[in-house]
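Quick notes on the structure that follows.
So that the names make sense, note that chain A is the first sequence line, chain B the second, and so on, each numbered from 1. Side chains included, hydrogens not; waters and symmetry mates left out as well; all remaining heavy atoms used.
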Amino acid sequence: MTLLESAFNRSFRTLLGREILRFVRVWTQTLIPPLLTSLLYVVVFGVALGGRIREVDGVPYLQYILPGVALMSLITGAYMNTSTSVFDAKRERYIDDILISPMSDAQIALAYTLGGTLRGLIVGVGVFVVGMPFAGASVVNPVMLLLIAVTVAFTFSALGAVVGVVAARIDHVTFMTNVVIQPLAFLGGVFYSADMLPPALRVATLFNPIFYMVDAARYATLRASDTNPYPTLAIVAALAALAFAGAWWAINRGPNLRY
Amino acid sequence: MTGGGVPALRVEGLKKTYGNGLLALDGVSLEVEAGRFFGLLGPNGAGKTTLINSVVSLARPDSGKVTVFGKDAFAEYKEARRMIGVSPQEINLDKFLTVEESLLYHAGYYGVEKKKAKERAEELLERFALIDKRKARTSTLSGGMKRRVMFARALVHDPKVLFLDEPTAGVDVELRYSLWRYIRELNRGGMTILLTTHYLEEAEELCEEIALINGGRIAAQGTKDDLKEEYGARNVEEVYLRVVGHDVA
């Protein structure tokens with residue numbers, strides 16, 4: 001108990017509170033655009049084109065894509081939050097005020113990571129809830145879905161902390177979003193089942209971590225997936241642990257952060 | 001306050017080499033007695049800021065030992081850092097926060113209880129004439145006001161030792177004098193002050209004891225009067241020039 005109390009002490013809670021304040025204060029940039037973009041996906045791919053595709057794995061198309069679309073916005077929301085927050089704090093050096101405080105590096109890494117996790121969750125859950133009436137589906141296993149959502153958001157938020165520290169320029173941060181995360185998300189089976197792909201691409205998909213995340217989210221929502229969800233959950237949890245270790249390293253030893 | 005007790009700051013054999021191979025601190029040892037007004041002088045790039053940064057782990061020294069009121073700055077960093085307030089050379093205010101929030105969040109990072117933080121922030125806002133600007137985002141302030149917020153922020157968690165890194169660089173005369181008055185008052189109240197500056201008249205005016213740092217080493221240290229006597233100088237400026245070695249034409 002005392003260990004928990006000291007880990008989540010006032011210093012930690014203050015930094016977490018600051019991270020939340022930041023994205024709430026700029027909500028027109030952080031919360032509304034991803035919601036809108038995702039709803040456009042739902043409308044374009046689901047409502048407009050969905051009539052032609054009808055069903056995938058025995059599920060109406062809009063229902064099939066909704067968990068993945070929500071997860072995609074959760075991933076970008078979580079990643080963008082932490083990467084830009086840490087990058088800005090580093091560039092303008094106000095992160096120094098945090099680094100010289102009595103907080104441990106692990107606490108700093110965790111507060112940043114949880115801030116981004118929360119923003120990812122708000123956006124992801126928002127997309128899901130708003131899309132539900134169009135898709136007309138219910139969630140088969142909400143606890144599992146929430147667990148996946150939290151773990152995935154945590155993973156990408158922690159990754160954002162690493163990139164925020166390591167990036168020398170803001171284009172390094174956006175490069176990761178546009179050239180790594182977005183393509184992996186699009187190719188991660190959000191809009192199709194891996195079975196629909198030619199064999200070579202299907203094998204390539206298995207190396208895409210986002211594929212497992214999308215698949216697990218879809219399984220929890222619909223009981224329809226390409227893989228067995230339990231090993232997938234283990235992979236997702238392992239990635240979260242790895243990403244957090246990275247965030248901790250970045251705060252502790254990362255380049256361009258301390259002199 | 002002085003003599004015999006645990007020193008406010010003790011630095012032993014501190015070495016720091018930067019990634020580019022630059023040796024910034026070459027075995028610096030230094031002791032600052034509790035309650036002193038201590039000046040750290042030296043040319044640009046001498047290692048003044050590196051020394052301060054090393055104490056608060058903003059720079060990672062290669063070797064050496066640092067204690068703050070007897071607490072090891074690395075092994076017992078939580079206790080040590082709680083006792084230190086830093087006003088850095090460059091403005092580094094959180095642009096997402098208002099003036100008042102800058103103080104309250106900083107206090108929170110240092111674990112200060114909410115009610116106490118509010119009272120303390122109120123006092124400091126008043127003291128630095130920032131009451132009217134309390135709700136303004138820090139990014140909208142003028143340079144002098146930003147500087148004032150930085151001082152208030154360094155003090156809001158009630159440190160026992162205050163590091164002022166070039167506090168009056170780019171500050172108008174009025175603010176400089178009012179700042180001098182205020183830090184003198186803090187010092188009289190028992191706070192240890194470590195001031196780095198390259199305005200020599202500032203050191204002359206404020207500091208009891210001075211260390212001159214040059215090329216990553218302490219080149220001279222002593223009370224102002226002892227140094228003047230030792231170097232046969234009339235003022236700190238002459239001491240400085242003799243030690244650092246630039247002859248005046």
- Message: For the interface with chain B, which of A:Q107, A:R18, A:R13 has the highest count of heavy-atom pairs at distances below 4.5 Å?
- Response: A:R18
- Message: Taking the ring centre of each residue, are A:F154 and A:F244 less than 6.0 Å apart?
- Response: yes
- Nearest heavy-atom neighbours spanning B:A73 and B:A80: CA-CB, 3.9 Å
- Item | B:E166 vs B:L195 side-chain heavy atoms within contact, under 4.5 Å | no
- B:M83 side chain near B:P159 side chain, heavy-atom distance below 4.5 Å: no
- Task: May I ask you to name which of A:I100, A:L257, A:V26 has the most heavy-atom pairs under 4.5 Å with chain B?
- Result: A:I100
- Do you know which of B:I91, B:V112, B:L104 has the most heavy-atom pairs under 4.5 Å to chain A? B:V112
- Task: Identify which of B:Y109, B:F96, B:Y110 forms the greatest number of heavy-atom pairs closer than 4.5 Å to chain A.
- Result: B:Y109
- Item | Pair A:T84-A:R22, side-chain donor/acceptor within less than 3.5 Å | yes
- Task: Heavy atoms only, distances under 4.5 angstrom: which of B:V56, B:N92, B:L58 has the most pairs with chain A? Name it, please.
- Result: B:L58
- Picking from A:D88, A:L99, A:D97, which has the most non-hydrogen pairs under 4.5 angstrom with chain B? A:D97
- Which answer fits B:L97, side chain, backbone, both or neither, if we ask what part of it has an atom under 4.5 Å from a heavy atom of chain A? both
- Query: Measuring heavy-atom distances to chain B, does A:I95 have an atom under 4.5 Å in its side chain, in its backbone, in both, or in neither?
  - Reply: neither
- Query: Name the one of B:I84, B:V68, B:L51, B:T67 that satisfies side chain to side chain contact (heavy atoms under 4.5 Å, CB included) with B:L9?
  - Reply: B:V68
- Query: What part of B:K16 is in contact with chain A, defined as an atom under 4.5 angstrom from a non-hydrogen atom: side chain, backbone, both or neither?
  - Reply: side chain
- Message: Is any side-chain heavy atom of A:F23 closer than 4.5 Å to one of A:I20?
- Response: yes
- Message: Is it true that A:T113 and A:S157 share a donor-acceptor pair across their side chains at a distance under 3.5 Å?
- Response: no
- Task: Against chain A, label B:N53 side chain, backbone, both or neither, depending on which of its atoms sit under 4.5 Å from a heavy atom there.
- Result: side chain
- Query: Looking at A:R93, A:E92, A:R25, which makes the most heavy-atom pairs under 4.5 Å with chain B?
  - Reply: A:R25
- Item | Under 4.5 Å from any heavy atom of chain A - which part of B:E90 | neither
- Message: So for B:L93, is it side chain, backbone, both, or neither that comes closer than 4.5 Å to the heavy atoms of chain A?
- Response: backbone
- Is it true that B:Y182 and B:F151 have ring centroids separated by less than 6.0 Å? no
- Applying a strict 4.5 Å limit to non-hydrogen atoms, the region of B:V55 in contact with chain A is neither
